[in-house]
Amino acid sequence: MVIKVENLVKRYGELIALDHFNMELREGEILGLLGPNGSGKTTAINCILSLLKYDKGEIQVFDKKMSPVAYDIKQDIGIVMQNVAVFNELTVYENIDYFCSLYVPDKKKRQEMVEEAIAFAGLGEFRKFYPHKLSGGLLRRLNIACGIAHKPKLVILDEPTVAVDPQSRNNILEGIVKLNKQGATILYTSHYMEEVDQICTRIAIMDRGKVISSGTNEELKSMIGLGEKITVDVPGISREAVEGIRALPNISKVELSGNTLVVKSKKGRNNLGAVLHYLEDHNIAFGKLYSELPTLNDVFLEITGKELRDNV
Amino acid sequence: MKVFSAYFKVLRKNIVGIAIYMLVFLVVVIFSTLGNQSDETTGFEETKTALTIINEDGDHAMTAGLIAYLQEHSVSAEVKNDREMIQDALFFRVTEYVLRIPEGFSENFGRDGELSLEKTAIGQSFGSVYVDSMVNRYLNTWRVYQELAGDMAPDKIQEYVKEDIEKEAAVSLGSGDTSENHGYSMSYYFNMAAYSTLSVIIIGVCIVMGSFYQKDLKRRIQCSPIRTTKMNVILAGANLIFAFAVFALNILVGFVIFGRKIFSTAGIFMCLNLFIFTIATLSISMLVVLVVKSKAAQNAAANTISLGMCFLGGAFVPQFLLGDSIKLLASFTPAYWYIKANNEIDLLETYTLDTMQGILTCYAVEAGFAVAIFSLALFISKQRAMAGYSSQGKQ
Amino acid sequence: MFKTIFFYRSKALLRSKETMFWSLLFPMLLGTLFYFTFTNILEGEGFETVPVGLVDTGQYENEEAFLGALESVSGMDDERTDEGSGDILFNVTKAENEEEAEKLLSEGKISGYILLGEDIGLVVNKSGYGATIIKSFLDYFKQKMSTVENLMEATAGKITPDQLEEALQTREYVKEIKVSEESPNIVVNYFYTLLAMSCMFASMAGVAEITGIQANQSPLAARLNIVPAPKLKVFLGSAAALAVIQTAIIALVFLFLALVLRVDFGKDYLLTMLTNIAGVITGISFGTAVGAVLRAGENLKTGICSALVMLGCYLAGMMDVQMKYRVQANMPVIAKINPVNRLTDAYYSLYYYDTNGRYWQNMAALGIMTLIFLTVTFLVIRRQQYESI
């Protein structure tokens, strides 16, 4: 077990930031920690890193108790903070070298690592640039390079793609997968569903300071009983026909509003055929027709509710 | 007036720091004023120098008379006759003046091979010059009797000398309103107040305006439909209120020290003077915050400007001691005119347009500085807004 | 690791050009100002001619002698000179009567007026430089007159005016003996406090250093809290770089004072440099202690640091050297624990004493202060977990 957190409680005065938070991260995983703003993701990470005091709970990293002086554990952790943390007076190369030096004293070995990190982050042509000359995306990539240059076994990334353009974001996400393939275990927090959907092998959804649901994304989707959603334009469909569709197997819900019929299925991916057959068999004319698989976004909204969270 | 209220929100967040700053500088001003008390009393009390006499000459009437005379007009400080002890005593000001009367001094007095007294003192301080003159007067007078009065007995000479050198001119007070002249010096207080005013206002303005001049915030403000000039005027107005608070505090402290004296004619003119100077200081601060950007450098700037101006202008070192060239240089700072005005007000007894001319000139020059520096700040800020700050890069 | 941190921190510091520029420029600027201010005072150029009024009622018996004496040190109002140099002590304005003199006095046109009635009198409104000068002149004249009268009486008028004139020539009876090779000179104290102030201003950078390592103060600091090394090590590497850079700045300021402005620092420049280093380290550790103990924003901490340093400078005699002695006499404890005062004394000892006992005493005191500041700093930053970030 790379990280094991049991019953973690953290209070900020009256506010309970973490309420019996439990989490496990197994070797080789990419765990997405998903949750709305203010759900406690960053607090959880800061506790895991022993930056924050917490009120209750057990935290183990690499099967050892984590503490501020557990330098052997820290040696194998790479961290990419939510806020860019680099020296403004040092160049791209110098920044990466500086942070790497805190882990790897050997100069020659380090030189290789820094070069690799620069290549990894695609910062080759910017090595002599100062941070304030970098675009937002490049700055984020520098932030990541500083966190992973020393080849840590565990990489924690706290919303590394905030305010990043799509190109840089893809580059970053691909990089994370690459890191994972090279053997790093990854804890990744985000509130972008697509990202987590795209790269994570397992997902934990957090809200109000605790994990409310976790599993692979398939597991999560099925857990909330959501399947395919079929939308079809049917001008002048009869009431009988609607009932007929509702009676088809696996169909959970049929709604008609105006000329648009929305059919939701319980599970499976082949319900479109059944609906299509039914319409053809009963000679019902139809226009535009499409089918959508549920996204993690649907799952997320379903589980956490739809209200805005920032002002909670 | 959102800008306006935002200013005071930022100010309120930083009030503890500014208050501590203010407190420290007020302590400096108050300490100095209270410590400076004796200089202003009208009674010509002599300042008694801490004096150490080492007598190796024995018990001659002349030496004994000299010692008695000196001791009457100084404070005795006992120091062991040892080089290192004397060095230490002088270093720590246990004594200010060590006078050694060498063996055979009185015997050879007035003859060939006359000996000198040996003094060791701390520089050319007023006290040391005073002791020098006492010694010289006593001995010169003695010598006149010894040379001219034939074989007058030493005891008799001693009597005459004592009578002579104790003679003093009678001093009386003019008919002017002298009741104000007792106690602590008001002009000294106001001169010192230049220091606290400069330090506190420059630092305070740097702290608060620093928030408004953060790069992104500044850009956002520039994008708003408020015109740069209007924005600057609003901020200047807010700064003005802050500056006025500092001014009021200075006056309040003045009131605590001087009581109603601060509302005398001289007091009112000095308050007015301080007010104009406060405004001039404000425009300096607005210039500093535009030119000096890093926090550490702003602190250094505040200290350098306040210290520099106060030295140059004569707040710490009296203006009459400054040379002409330095005064010329100083006249390019508002502090010089402020202090000059205070000193002149202090001397004045009757206030007519005629006698006030010098003071009014000082007021006008200070105000001129305020306007000129503020215009310069406005100009720079406008230039910057147009240049778009592009060279600053981004982050 | 220490080496790399040290190397990169130095690099980063050297690249903050604005801060470097100002921290070098300001002390030099102030030093130059001091130089001009005090050179003038020492050369005595600044003494002003005292404007004095004269009301002569014609009743004074030694009127002629007095007017002669007065004339020899004055420019009378018809031949008034504006050059305040040379022997001219007074600018005399003759007034017809007391009312007229009174008017001149109240308008501030004269410092006081001499009233020649049956006796010599002086009328002033307040004491001050001018009044003191007039009074000592009058005292001196009266004393001489008294001597002459007494002599005439004792010798029954046998003395010729020539004899009298010769005897009345004054002689200097006091010879200055230097207690050390350097004559004690108060003015150097101003420059020493200036250099001490510059050293202590390293405290501002010390505050920033502490902010840079406390996780609850900045993201970069948080980042540095999760490296596999004790915080102390990171801090020391970083602080050492700061000390070296600051010492270099102070060295330049010192050389400027010593070589360009010709301020006398005694002979042992190596020991003066050692004092500079001690000063910088005391300054930085003072800053880190303030930064660690206070729970406030960096702005506020820096402000407090700067205010405290200025207070220290004031008590060490920067604005008025007499303050130093007043503190020494009345509150010796304050003088002992004021690092600016200790630094100033250390510089002064090198200049003034021919042995270094007093110097090492001050250096030891600075060492103890630094030790205390550092202990406080370490005790606080050792606390490596935070309530909130």
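Remember, predicted model here, so these are calculated numbers, not experimental data. Chain A is the first sequence line, chain B the second, and so forth, proteins listed ahead of strands; every chain is numbered from 1. Basis for what follows: all heavy atoms, side chains included, without hydrogens, waters or symmetry-related copies.
- Within the 4.5 angstrom heavy-atom criterion, no atom of C/F21 approaches chain B.
- Residue C/M318 touches chain B through both its backbone and its side chain, counting heavy-atom pairs closer than 4.5 Å.
- When all heavy atoms are compared, the tightest approach of B/R137 to C/S136 is NH2-O, 4.0 Å.
- Counting heavy-atom pairs closer than 4.5 Å to chain B, the top residue among C/T355, C/L25, C/V309, C/D345 is C/D345.
- A distance-only check finds no donor-acceptor pair linking the side chain of B/Y160 to the backbone of C/S146 [under 3.5 Å].
- Checked by atom type and distance alone, the side chain of B/N303 never pairs as donor or acceptor with a backbone atom of C/S306 at under 3.5 Å.
- For B/A330, no part lies near chain C; criterion is any non-hydrogen pair under 4.5 Å.
- Taking chain C as the reference chain and counting heavy-atom pairs below 4.5 Å, the highest number among B/V292, B/V98, B/I203, B/V27 is found for B/V292.
- Each of C/I134, C/N150, C/T155 has some count of heavy-atom pairs under 4.5 Å with chain B, and the biggest count is that of C/N150.
- For the pair B/M152 and C/A154, the tightest heavy-atom approach, listed with the atom from each and the gap, is CE-CB, 3.6 Å.
- Counting only distance, with no hydrogens or angles, the side chain of C/D320 and the backbone of B/F316 share no donor-acceptor pair below 3.5 Å.
- Heavy atoms only, all atoms of each residue included: B/F31 and C/M331 are closest at CE2-CE, 3.9 Å.
- Side chains of C/W22 and B/Q298 form no contact here, defined as non-hydrogen atoms less than 4.5 Å apart.
- Taken from OG1 in B/T304 to CG in C/L30, the straight-line distance is 5.0 Å, to the nearest 0.5 Å.
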Go through it in stages, so that I can follow the logic: the residues are B/S32 and C/Y314, the test is side chain to side chain contact (heavy atoms under 4.5 Å, CB included), and I'd like the CA-CA distance, side-chain angles, deciding distance and then a yes or no.
CA-CA 10 Å; B/S32 298; C/Y314 170 69; 2.4 Å; yes
As a quick check of understanding, evaluate side chain to side chain contact (heavy atoms under 4.5 Å, CB included) for C/M204 and B/N299, giving each step before the final call.
CA-CA 9 Å; C/M204 248 75 94; B/N299 258 304; 4.1 Å; yes
Could you go through C/E176 and B/T120, starting from their C-alpha distance and side-chain angles, then the distance that decides it, and tell me whether this counts as side chain to side chain contact (heavy atoms under 4.5 Å, CB included)?
CA-CA 6 Å; C/E176 174 139 26; B/T120 308; 5.8 Å; no
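- Put simply, the side chain of B/N140 gets close to the backbone of C/R171: a donor and an acceptor are under 3.5 Å apart.
- Heavy atoms of B/Y97 lying under 4.5 Å from chain C belong exclusively to its side chain.
- Note that CD of C/E149 is 9.0 Å distant from CG of B/D164, once rounded to the nearest 0.5 Å.
- More than 12 heavy atoms of other residues, nucleotides or ligands sit less than 6.0 Å from atom CE of C/M152.
- Put simply, the side chain of B/L90 reaches to within 4.5 Å of the side chain of C/Y352, judged on heavy atoms.
- The contact between C/Q328 and chain B is made entirely by side chain atoms (from C-beta outward), counting heavy-atom distances below 4.5 Å.
- For C/M319, the parts lying near chain B are the backbone and the side chain together; criterion is any non-hydrogen pair under 4.5 Å.
- With contacts defined as side-chain heavy-atom distances shorter than 4.5 Å, the pair C/K175/B/L117 does not qualify.
- Here the side chains of C/M310 and B/L307 are in contact, with some heavy-atom distance below 4.5 Å.
- For C/Y173 and B/F109, the gap between ring centers is short of 6.0 Å.
- Counting heavy-atom pairs closer than 4.5 Å to chain C, the top-ranked of the candidates B/I165, B/I20, B/L329 is B/I165.
- If you measure heavy-atom distances from C/S111 to chain B, you find no contacts under 4.5 Å at all.
- If you tally non-hydrogen atom pairs under 4.5 Å between each of B/V144, B/L139, B/V28 and chain C, the highest count goes to B/V28.
- In terms of non-hydrogen atom pairs under 4.5 Å with chain B, the most contact-rich of C/T147, C/V207, C/L29 is C/T147.
- Residues B/K167 and C/D139 fail the side-chain proximity criterion, which asks for heavy atoms closer than 4.5 Å.
- If you measure heavy-atom distances from C/T302 to chain B, the contacts under 4.5 Å come from both the backbone and the side chain.
- Proximity of a side-chain donor or acceptor of B/K119 to a complementary backbone N or O of C/V174 within less than 3.5 Å is not detected.
- Checked by atom type and distance alone, the side chain of B/Y21 never pairs as donor or acceptor with a backbone atom of C/A307 at under 3.5 Å.
- Using a 4.5 Å cut-off between heavy atoms, C/E99 makes no contact with chain B at all.
- Only the side chain of C/F34 comes within contact range of chain B, with heavy atoms under 4.5 Å apart.
- Ranked by heavy-atom pairs under 4.5 Å with chain C, the first of B/E147, B/E344, B/E163 is B/E163.
- C/Q169 touches chain B through its backbone: at least one of N, CA, C or O sits under 4.5 Å from a heavy atom, while the side chain does not.
- Pairing each heavy atom of B/A169 with each of C/L138, the nearest pair is CB-CB, 3.5 Å.
- At a 4.5 Å heavy-atom cutoff, the contact between C/F26 and chain B is made by backbone and side-chain atoms alike.
- In this structure, C/Q361 places its CD atom where more than 12 heavy-atom neighbours from other residues, nucleotides or ligands lie under 6.0 Å away.
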